[in-house]
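What you are looking at is a predicted structure, and each value in this text was computed from that prediction instead of being measured.
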Amino acid sequence: MARRETKAQQAERIQKILAALDREYGTEYRCYLNHETPWQLLIAVIMSAQCTDARVNMVTADLFRKYDTLEKFANADLKELEQDIHSTGFYHMKAKNIIACCRDLVDKHGSEVPRTIEELTALAGVGRKTANVIRGNIYNEPSIVVDTHVKRISRKLGLTKSEDPVKIEQDLMKALPRDHWILWNIHIITLGRSICIARRPKCGECFLREFCPGREDEG
DNA sequence: CTCCCGATAT
DNA sequence: ATATCAGGAG
């Protein structure tokens with residue numbers, strides 16, 4: 001039976017992982033979803049569900065020119081918006097949610113994007129993951145975003161054993177220093193897109209290899 | 001739990 | 001053909 005690593009050992013390993021990520025990717029936050037305003041980011045994140053950010057950016061390039069105000073989204077024609085965002089997938093639900101969400105922003109929030117988890121998740125199409133993206137990116141609130149990459153890679157790195165996003169978020173808050181919470185998400189996405197790819201992870205060329213209990217030995 | 005769903009890589 | 005993509009609603 002494999003010996004379990006102690007708390008101190010794990011803390012030391014995490015420090016090395018964070019240092020390697022900072023060294024490789026830098027410490028400046030960057031957003032992969034193009035936007036100029038908070039409400040644009042909110043709409044982009046709603047559309048990013050089960051869709052690549054590159055695809056969302058292709059759509060928003062035209063979309064944010066056509067609907068250049070929050071009010072235009074709130075008053076958009078459903079069928080027309082469905083066609084406008086068709087290529088992001090799940091377009092019936094996303095279009096419906098975007099309109100309902102923007103109506104709520106206009107009617108109940110003075111056309112501003114709210115700050116709290118409760119207010120954000122009360123919006124149509126906004127779950128915990130989207131709410132945490134807004135809190136971290138727009139309001140600079142320390143928050144852990146658990147998306148598909150964070151879930152997969154945090155599990156591989158042995159920072160959580162859970163499948164539940166809320167539990168993963170809690171585990172990561174305990175494991176990671178608060179000042180790395182926001183950066184963890186974007187660093188792990190960067191890693192997950194280039195090296196720790198879901199279908200075929202390139203463990204042989206991963207700079208976290210020696211710190212990763214989930215690495216696969218390739219022949 | 002199921003369903004939503006197109007685009008892309010393998 | 002199949003897995004995967006900055007998930008969320010019912």
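For the pair A:H149 NE2 and C:dA6 C1', the computed distance is 7 Å after rounding to whole Å. The nearest whole Å value for the distance from the CG atom in A:L42 to the P atom in C:dA6 is 18 Å. The interatomic distance linking A:D147 (CG) with C:dC5 (C1') rounds to 10 Å, in whole Å. In this structure, A:L41 atom CG and C:dG7 atom P are separated by 13 Å, rounded to whole Å. Atom pair A:I197:CD1 and C:dA6:C1' shows a separation of 16 Å (rounding to whole Å applied).
Once rounded to the nearest 0.5 Å, the distance linking CZ of A:R13 with OG1 of A:T6 reads 10.5 Å. If you take CG on A:L42 and SG on A:C102, they are separated by 7.0 Å, rounding to the nearest 0.5 Å.
Connection of A:Y29 to A:L21 is not established within any shared hydrophobic cluster, with ILVMFWY side chains joined at heavy-atom distances below 4.5 Å, either directly or through further cluster members. Connection of A:I186 to A:I138 is not established within any shared hydrophobic cluster, with ILVMFWY side chains joined at heavy-atom distances below 4.5 Å, either directly or through further cluster members.
Using a 4.0 Å heavy-atom cutoff across all strands shown, A:T88 reaches no nucleic acid atom at all. A:R55 comes within 4.0 angstrom of sugar-phosphate atoms only, judged by non-hydrogen atoms across all strands, and of no base.
Panel note: side chain A:S154, backbone A:K151; no donor-acceptor pair is recorded below 3.5 Å.
Under 3.5 Å, the side chains of A:Q40 and A:T60 contain no donor-acceptor pair of N or O atoms. When only modelled atom types and interatomic distance are considered, A:Y32 and A:S48 share no side-chain donor-acceptor pair under 3.5 Å.
Once you apply a 4.0 Å limit to the heavy atoms of chain A, the touched nucleotides of DNA chain B run 5' to 3' over B:dC4 to B:dT10.
At most 12 heavy atoms of other shown residues, nucleotides or ligands fall within 6.0 angstrom of atom CD in A:E12. Heavy atoms of other residues, nucleotides or ligands lying less than 6.0 angstrom from NZ of A:K96 number 12 at most. More than 12 heavy atoms of other residues, nucleotides or ligands lie within 6.0 Å of CD in A:E80, so this atom counts as buried by the packing criterion.
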Which atoms of nucleotides 8-10 of chain C (N or O only) lie under 3.5 Å from a protein N or O atom, and what are those distances?
residue, atom, partner, partner atom, Å
C:dG8, OP1, A:G127, N, 3.0
C:dG8, OP1, A:T130, N, 2.9
C:dG8, OP1, A:T130, OG1, 2.4
C:dG8, OP2, A:K129, N, 3.4
C:dA9, OP1, A:G125, N, 3.0

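Regarding contacts with the backbone of C:dC5, a side-chain N or O of A:R152 is found under 4.0 angstrom from either OP1 or OP2.
Of the residues in residues 20-36 of chain A, those placing a heavy atom less than 4.0 Å from an atom of DNA chain C are A:Y29, A:C31, A:Y32, A:L33, in numerical order. Within residues 157-191 of chain A, the residues that place at least one heavy atom under 4.0 Å from DNA chain C are, in residue-number order, A:N185, A:I186, A:I189.
Positionally, the nearest nucleotide of DNA chain B for A:F90 lies more toward the 5' end than for the other of A:F90 and A:M58.
With C1' as the reference atom, C:dA6 and B:dT2 are 23 Å apart, rounded to whole Å.
In this pair, A:Y91 and A:H86 present their aromatic rings tilted. The plane angle is within the 30 to 60° band.
Under the side chain to side chain donor-acceptor pair (under 3.5 Å) criterion, A:T37 pairs with A:W39, sequence neighbours left out. For A:D68, the side chain to side chain donor-acceptor pair (under 3.5 Å) partners at least two apart in sequence or on another chain are A:K72.
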